[in-house]
*Asks:* 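I'd like to ask some things about the structure below.
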2 protein chains.
Amino acid sequence: MKRTGDQYLVKQINKSIVLDTIRRQSPLSRAQVSSLTGLHKGTVSSLVNELMENDLVKEIGTGPSSGGRKPVMLLFNKTAGYAVGVDLGVNYILTVLTDLDGNIVLERNVKISDRSTENVLTQLKISIREVIDRSPPSPYGVIGIGIGVPGMVDNKGQVRMTPNLQWNEIDLSGVLTKEFGCPVRVDNEANAGAMGEKQFGAGRKFSDLIYVSIGIGIGIGIVLRGELYRGASGFSGEMGHMTIEANGKPCKCGNKGCWELYASENALLESAEALPLPVQSTDGGNAPDLDVLLRAAHEEIPEVISMFGTVGQFIGIGLSNIVNTFNPEQIIIGNRMTTAEKWLKEPMLDAFHSRTLPVHRHRTKIEFSSLGTHSAVLGASHLAVSDFFDRMNLYMDR
Amino acid sequence: MKRTGDQYLVKQINKSIVLDTIRRQSPLSRAQVSSLTGLHKGTVSSLVNELMENDLVKEIGTGPSSGGRKPVMLLFNKTAGYAVGVDLGVNYILTVLTDLDGNIVLERNVKISDRSTENVLTQLKISIREVIDRSPPSPYGVIGIGIGVPGMVDNKGQVRMTPNLQWNEIDLSGVLTKEFGCPVRVDNEANAGAMGEKQFGAGRKFSDLIYVSIGIGIGIGIVLRGELYRGASGFSGEMGHMTIEANGKPCKCGNKGCWELYASENALLESAEALPLPVQSTDGGNAPDLDVLLRAAHEEIPEVISMFGTVGQFIGIGLSNIVNTFNPEQIIIGNRMTTAEKWLKEPMLDAFHSRTLPVHRHRTKIEFSSLGTHSAVLGASHLAVSDFFDRMNLYMDR
DNA sequence: AAAAGTTTGTATATCGATTGAACTAAGTTT
DNA sequence: AAACTTAGTTCAATCGATATACAAACTTTT
């Protein structure tokens with residue numbers, strides 16, 4: 001049974017539009033909101049008053065006159081509540097507290113060496129507890145928790161598989177809701193990153209974009225018509241396991257020639273094992289890691305630079321597949337591999353341009369993340385904020 | 001400026017819901033519509049009366065009583081107007097006239113041998129003119145023309161490129177609007193096919209599906225949340241040019257190792273050239289064509305059957321990429337290669353299953369087109385019908 | 001400095017769509 | 001024949017947006 005229309009729906013739509021307008025373009029007067037939205041002055045007045053009663057909008061004094069009565073400027077009350085965002089990495093937990101506008105208020109980052117489910121869960125709870133305890137007082141308090149995890153999350157928020165964390169079938173959202181008594185939203189890391197860049201980063205001006213998270217593996221977050229597309233069961237975006245060599249290397253996933261075997265951090269580390277590197281690993285071990293390779297590249301060791309080049313080419317191949325598939329306005333490359341932008345970019349773009357149809361070649365914007373390591377954590381907190389507004393029957397992204 | 005809410009919007013939403021309910025589940029009484037939609041009896045009555053004034057709904061006498069007054073049964077008036085659908089193939093033009101419910105009333109199929117732009121355009125106009133001239137009288141007459149073309153169509157309806165028809169930058173929609181004086185909707189063949197299957201074929205029950213059109217080349221039509229996704233500029237779905245062999249055969253598109261080089265009709269014909277076939281080509285020439293190969297397969301010639309097997313495997317590889325990317329509920333395979341289902345299916349599914357993540361393996365329904373050669377033409381006519389309802393401020397697909 | 005004009009924001013009446021309640025119509029069951 | 005059921009209409013009530021009028025506060029012109 002579809003949702004039918006009534007006056008309540010009308011009010012909900014208009015109230016959302018008014019709030020959204022103020023949120024994105026404040027400070028704004030009631031008159032400006034009226035002319036920006038096309039809503040009648042009186043309608044804006046009454047909706048703004050209700051939003052003020054709900055602490056979501058506040059008056060901030062008068063603005064300059066343009067030949068008449070001075071306008072009363074309105075502001076989105078971004079500190080009406082706070083949201084927790086978590087980027088649950090394979091070897092770290094990055095936790096932030098943000099206001100309703102995505103500004104970071106508190107931040108906490110812990111390294112994880114013991115990857116057992118128990119330990120990770122414990123550390124996760126400690127991190128969240130800490131930012132919640134220190135959160136400033138506000139009308140709504142902590143309105144929710146958003147978490148990005150490196151794995152597959154179904155559309156009920158259940159973690160189904162994490163290739164690098166050995167978590168299987170964990171009801172993370174249930175566990176944390178119980179622990180903290182506030183709504184918890186779990187999504188995969190690439191979706192969170194896509195939301196982060198769309199809301200706060202390089203993707204702000206675009207409504208059809210693909211966020212390509214290149215870390216240990218590769219996952220993509222798909223934003224179409226301004227909204228995340230999660231697939232029928234929540235498992236879209238597993239493009240790391242797209243075949244780009246029909247008879248290529250075997251992958252853990254069961255497939256052969258998966259993109260991430262050639263274009264991810266793991267691909268880089270694997271080919272690095274063959275080289276004897278003159279730089280020590282950061283954790284003292286013998287295995288090379290990304291930081292070691294980056295330092296080697298900075299020292300202009302040709303073998304290492306050429307390795308980045310090869311990986312960059314394979315990234316470009318995948319990007320051309322993405323463009324042919326989705327025809328997005330923009331592709332944003334994020335996660336750890338962005339730190340190697342300097343050595344990846346050129347070979348990547350060369351491969352992309354040489355393989356792409358002319359119509360796409362210069363139409364699609366290819367950029368690196370503008371939020372750096374914070375795409376996913378900000379996206380995660382935004383998911384919580386967005387859910388909060390949903391619960392208030394106000395919608396942010398429409 | 002976003003669309004704001006007012007009473008007119010409410011009415012539009014509810015009227016659409018009422019019409020949609022009647023269209024899909026008729027015959028229905030006003031009372032049934034009310035309980036199915038949740039709308040008040042009075043509301044349904046007044047909206048139905050308006051729809052009857054607009055000739056979109058009609059009464060069809062009383063139905064059986066269930067212990068009270070007999071209900072007056074309502075029907076969607078599918079013959080209030082007619083739409084033209086065209087599947088513009090590389091070597092044929094299939095034209096139909098359908099009622100508003102997608103039932104074919106007239107059909108015309110012409111073979112094209114002279115592929116010059118002029119000749120194709122002339123033939124196209126003749127075909128359309130003929131079905132329009134013979135269309136039955138109706139309140140709205142011919143409400144529009146929908147056309148599926150084998151190439152790239154931008155979001156303004158301009159044909160930008162047809163790899164197998166040598167059409168470039170043709171304003172097909174402009175030309176035909178001028179000629180016939182009714183709205184023309186041009187889209188690519190895969191999008192039309194996707195819409196056809198979604199509305200009338202195998203995809204009726206699904207809202208996230210991918211239609212894979214395998215003919216001379218490969219294109220896909222993407223239906224997400226019940227709606228076609230066309231990409232930022234209208235060029236989504238060019239998955240035929242997705243790389244599946246990083247250093248594979250060069251393709252006309254500039255890329256290497258494109259999927260359609262291994263999994264399309266062309267791929268089949270190319271490998272067939274190596275074989276001396278004991279069957280004559282249909283047009284008397286020496287070059288093998290699909291029909292010849294199908295006859296050879298029916299005669300159980302092992303080399304030919306194995307060729308189909310190889311192509312089937314490559315199709316399966318691409319399908320697994322599609323599943324990893326979109327996580328759709330369903331994949332529908334359409335266009336000419338469906339005629340080889342018998343020999344393609346098993347190798348295709350084998351490759352697919354062996355390459356797909358366990359979560360997807362049995363969750364995604366993989367089917368062959370249920371409309372056969374008519375997916376695209378019915379989809380095209382539906383696009384015209386759907387535009388017609390848009391113009392009436394009534395929406396079908398929401 | 002007074003008058004005229006402008007801009008902001010509020011108050012009030014009107015409009016239009018849904019809804020609830022009452023009602024009519026037309027059947028079935030007891 | 002009376003009681004009950006179901007279908008569909010009518011009409012007043014309600015609610016939200018809008019138009020109009022108006023008050024408040026400021027700028028520009030005379």
*Asks:* Among the nucleotides C:dT18, D:dG8, D:dT18, which one has an atom lying closest to any side-chain atom of A:L39?
*Replies:*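 Ranking C:dT18, D:dG8, D:dT18 by closest atom to the A:L39 side chain puts D:dT18 first.
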
*Asks:* Hey, which of these two, B:T4 or B:A31, hits DNA chain D nearer its 5' end, going by closest nucleotide?
*Replies:* B:A31

*Asks:* Just how far, in rounded Å, is P of D:dA23 from CZ of A:R30?
*Replies:* 20 Å

*Asks:* Rounded off to whole Å, could you give me the OH-to-P distance for the A:Y8 and C:dT19 pair?
*Replies:*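 Interatomic distance, OH of A:Y8 to P of C:dT19: 15 Å.
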
*Asks:* With sequence neighbours left out, what residues match A:L394 under side chain to side chain contact (heavy atoms under 4.5 Å, CB included)?
*Replies:* A:K15, A:S16, A:L19, A:L51, A:L56, A:F389, A:M392

*Asks:* In whole angstrom, what separates A:D6's CG from C:dG16's P?
*Replies:* 19 Å

*Asks:* Could you go through nucleotides 24-30 of chain C and list every protein N or O atom that sits under 3.5 Å from one of its N or O atoms, giving the distance for each pair?
*Replies:*
from: C:dA26; atom 1: N3; to: B:R69; atom 2: N; distance (Å): 3.3
from: C:dG27; atom 1: N2; to: B:G67; atom 2: O; distance (Å): 3.3

*Asks:* What is the distance, rounded to the nearest whole Å, between atom NE2 of A:H40 and atom P of C:dT14?
*Replies:*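 After rounding, the reported distance stands at 15 Å.
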
*Asks:* With sugar-phosphate meaning primed atoms plus P, OP1 and OP2, does A:V72 contact a base, only sugar-phosphate, or nothing at under 4.0 Å between heavy atoms?
*Replies:*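 The residue A:V72 makes sugar-phosphate contact but no base contact.
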
*Asks:* Is the shortest side-chain N to carboxylate O distance from B:E59 to B:R30 below 4.0 Å?
*Replies:* yes

*Asks:* Holding to salt bridge (Lys or Arg N to Asp or Glu O under 4.0 Å), I want the full list of residues that pass it with B:K58, two or more places apart in sequence or in another chain.
*Replies:*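 B:K58 satisfies salt bridge (Lys or Arg N to Asp or Glu O under 4.0 Å) with no residue once adjacent residues are dropped.
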
*Asks:* Nearest-Å distance, NZ (A:K15) to P (D:dG16)?
*Replies:*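 Going from A:K15 (NZ) to D:dG16 (P), I get 10 Å.
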
*Asks:* Please output the side-chain donor-acceptor pairs of residues 180-187 of chain A that fall under 3.5 Å, not counting sequence neighbours, one pair per line with the distance.
*Replies:*
from: A:R185; atom 1: NH1; to: A:D387; atom 2: OD1; distance (Å): 2.5
from: A:R185; atom 1: NH1; to: A:D387; atom 2: OD2; distance (Å): 3.2
from: A:D187; atom 1: OD1; to: A:N191; atom 2: ND2; distance (Å): 2.8
from: A:D187; atom 1: OD2; to: A:R230; atom 2: NE; distance (Å): 2.6
from: A:D187; atom 1: OD2; to: A:R230; atom 2: NH2; distance (Å): 2.6

*Asks:* State which of D:dT18, C:dT18, D:dA17 makes the closest approach to the side chain of B:N14.
*Replies:* C:dT18

*Asks:* The criterion is side chain to side chain contact (heavy atoms under 4.5 Å, CB included); which residues satisfy it with A:S46, sequence neighbours excluded?
*Replies:* none

*Asks:* Round to the nearest Å and state the distance from B:L47 atom CG to C:dA17 atom C1'.
*Replies:*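 It works out to 9 Å between those atoms.
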
*Asks:* What is the nucleic acid contact for B:K41, judged by heavy atoms within less than 4.0 Å: base, sugar-phosphate only, or nothing?
*Replies:* base

*Asks:* Is a side-chain donor-acceptor pair under 3.5 Å present for B:Y395 with B:D20?
*Replies:*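 B:Y395 and B:D20 do not have a side-chain donor-acceptor pair below 3.5 Å.
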
*Asks:* Tell me: CD of B:Q7 to P of C:dT18, nearest whole Å?
*Replies:*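 After rounding, the gap between these two atoms is 9 Å.
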
*Asks:* So, using side chain to side chain contact (heavy atoms under 4.5 Å, CB included) as the criterion, who are the partners of B:K41 when residues are at least two apart?
*Replies:*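 Expected list: B:S34.
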
*Asks:* For B:Q12 and C:dG16, what is the distance between atoms CD and P respectively, to the nearest whole Å?
*Replies:* 17 Å

*Asks:* Tell me what A:S46 touches on the nucleic acid: a base, only sugar-phosphate, or nothing, going by heavy atoms under 4.0 Å.
*Replies:*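 A:S46: no heavy atom of the nucleic acid under 4.0 Å.
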
